[in-house]
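Data first, discussion second: the structure below is written as structure tokens.
This is a predicted model, so every value here is computed, not measured. Below, chain A is the first sequence line, B the second, and so on; all start at residue 1.
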Amino acid sequence: MLDPKIIRSNPEQVAAQLVKKKYVFPVAEFESLEVQRREVQVRTESLQSERNTRSKSIGKAKAAGEDITSLLSDVNDLGTQLEEAKAALAKINVQLDDILLGVPNLPHEDVPEGESEDDNVEVRRWGTLPTFDFDPQDHVALGNRDSAMDFESAAKLTGSRFVVLQGKIARMHRALIQLMLDTHINEHGYNEIYVPYMVNRDSLMGTSQLPKFEEDLFKVPFGERDYYLIPTSEVPVTNMVRDEIVEESRLPLKFTAHTPCFRSEAGASGKDTRGLIRQHQFEKVEMIQVVKPEDSWQALENMTANAENILKKLELPYRVITLCGGDLGFAAAKTYDIEVWLPGQDKYREISSCSNTLDFQARRMKARWRNSETGKPELLHTLNGSGLAVGRTLVAVLENHQNADGTINVPAVLQPYMGGVTVI
RNA sequence: GGAGGGGUGGCUGAGUGGCCGAAAGCACUGGUCUUGAAAACCAGCGAGUCGAGAGGCUCCCAGGGUUCGAAUCCCUGCCCCUCCGCCA
């Protein structure tokens, strides 16, 4: 959520900045509601004030043993007026919240203009693209050996966009997770955390998957309410600091978690239907940082480098891009995507996304720290980044390290996690 | 599933209808003392919101209700703890 004070004091400027993100902010509607809100709020509060003072005087008169019947009749119709004012105020606030919760974060000034992913700007490349003296296969063909990557069984068990992995491929998939976690823990200073794979509405509101993106989520009815399968561990991990005031000495908080992620992919029918690229269920190792505001931009650079380090270890060529305004996510002020080279598709594909949300999520979550200089609680900054999407990493390893006979060279860094096997 | 006990400020915890935004302690901040520190002593210290300010309003898990007035009484829900049963 954006700071309502900033929106109130300068709605046109906010609207102008949001144009970059292809969002039309309803300035006129907002301002007219604000005028009403202010008027009704002032009226409500003065009525409350009146009621409070009168109630106090009744209490005093009663204590003094005086007759209070006339005082009671004076206060009679105050209650109804107050009820009406309160109801009117609540109604206006609901409308204002609807607007405010639907406004995306402001893009950072570095963020390039642009409509879509075609306008994203490349920052750097790493690695040399592999060359093959044979026709490289894609991961679906490579995984088909011994039914190690089995989409048909998954379709039988559940439906489309799921997979069954078996044998060495399943082991490599698991090995990748271990490598990622160990690297983030031992080399990058993250704290491992295990979290629920289902969350409540409040958590999803906090990180801003709700109320706007409900159709992307799997909902699980539970008694009178609903739980939701997490679309990313960003949700449970970031919400650790919801409604908390974090001691300054504990900052920065750096968490890494391995979880499955569940996405309905409602808006992606027909897209990436082949293979492992876009599934309803996939594994991801996530990095979350909760930092002082002054540290968040440096943290974004570091987190991106942490994700890149995994690709370097796996000897996978990649490039880093800055998302343009039109491609930027709802909560993000700036996002670096890392795209890995996939020989089977002959192009770079997203494998990580690292974002700084500034205080956007923190404001929704009331996630604060106590600033020792001011002595006051202030909003934190939150960042999240994939380090990395495991399924897509598996795809990249298979395709980049394949041999003519369809076998795969296991990257040296992964071999200890696979019992020393060098080729699968 | 059954029985009982709870949810109060950063933390612990008192508070059963008005004198309570809320005792006390811890933590924190400032001061006295000290070469310095610790200890001791003194003082300050919840959050949000409206307002130029004075000050107002809201918040004692959440949502309803009773009342002129609710942290306090009633109802519903959520969560935590103890015991019993069941169980991976």
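Using P as the reference atom, B:U76 and B:G53 are 46 Å apart when rounded to the nearest Å. B:U35 and B:A47 are spaced 42 Å apart, taking the C1' atom of each and rounding to whole Å. When the C1' atom is compared between B:A14 and B:G1, the two are found 36 Å apart, to the nearest whole Å. Only the P atoms considered, B:C41 is 12 Å distant from B:A27, to the nearest whole Å.
Here A:Leu72 lies in heavy-atom contact (under 4.0 Å) with a base. Contact annotation for A:Arg250: no contact, since no heavy-atom pair falls under 4.0 Å across all strands.
Listed candidates were B:C68, B:C19, B:C57. Nearest to the side chain of A:Gln48 is B:C57. Side chain of A:Glu45, nearest nucleotide from B:C50, B:C57, B:G18: B:C57. Listed candidates were B:C50, B:C57, B:G10. Nearest to the side chain of A:Ser49 is B:C57. Taking only side-chain atoms of A:Ile245, from C-beta outward, the nucleotide of B:C79, B:C68, B:G10 with the closest atom is B:G10. Taking only side-chain atoms of A:Ser55, from C-beta outward, the nucleotide of B:U58, B:C50, B:C68 with the closest atom is B:C68. Side-chain atoms of A:Lys5 lie closest to B:U49 of the nucleotides B:C68, B:U49, B:C79.
Using the Watson-Crick or G-U wobble rule with both distances under 3.5 Å, B:G53 pairs with nothing in any strand shown. When Watson-Crick and G-U wobble pairs are counted only if both distances are under 3.5 Å, B:A38 pairs with no nucleotide at all.
Of all the heavy atoms in A:Met303 and A:Gly385, the pair that sits closest is SD-N, 3.5 Å.
Closest-nucleotide positions on RNA chain B for A:Lys62 and A:Arg8 were compared, and the one nearer the 5' end corresponds to A:Lys62. Checking A:Glu244 against A:Arg51, the closest nucleotide of RNA chain B that is more toward the 5' end is the one next to A:Glu244.
The stretch residues 83-105 of chain A has no heavy atom under 4.0 angstrom from RNA chain B at all. For the contact set between residues 30-38 of chain A and RNA chain B, defined by any heavy atom under 4.0 Å, the members are A:Arg37, A:Arg38. Heavy-atom distances under 4.0 Å link RNA chain B to A:Arg368, A:Arg370 of residues 361-370 of chain A, given in residue order.
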All N/O donor-acceptor pairs, side-chain side in residues 415-424 of chain A, below 3.5 Å, sequence neighbours left out:
unit_1, atom_1, unit_2, atom_2, d
A:Gln415, NE2, A:Val410, O, 2.9
A:Tyr417, OH, A:Asp182, OD2, 2.7

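Neither OP1 nor OP2 of B:C57 sits under 4.0 Å from any side-chain N or O of A:Gln41. Residue A:Asn52 places at least one side-chain N or O under 4.0 Å from the OP1 or OP2 atom of B:U58.
In this pair, A:His188 and A:His184 present their aromatic rings tilted. The plane angle is within the 30 to 60° band.
Between A:Arg364 and A:Ser208, the closest side-chain pair of non-hydrogen atoms falls below 4.5 Å.
Judged as a ring pair (Phe, Tyr, Trp, His ring centres under 6.0 Å), not a single pair has a partner in residues 74-100 of chain A (not counting sequence neighbours). The ring pair (Phe, Tyr, Trp, His ring centres under 6.0 Å) analysis of residues 207-250 of chain A, with sequence neighbours excluded, yields the pairs A:Phe213-A:Phe330, A:Phe218-A:His280, A:Phe222-A:Tyr227.
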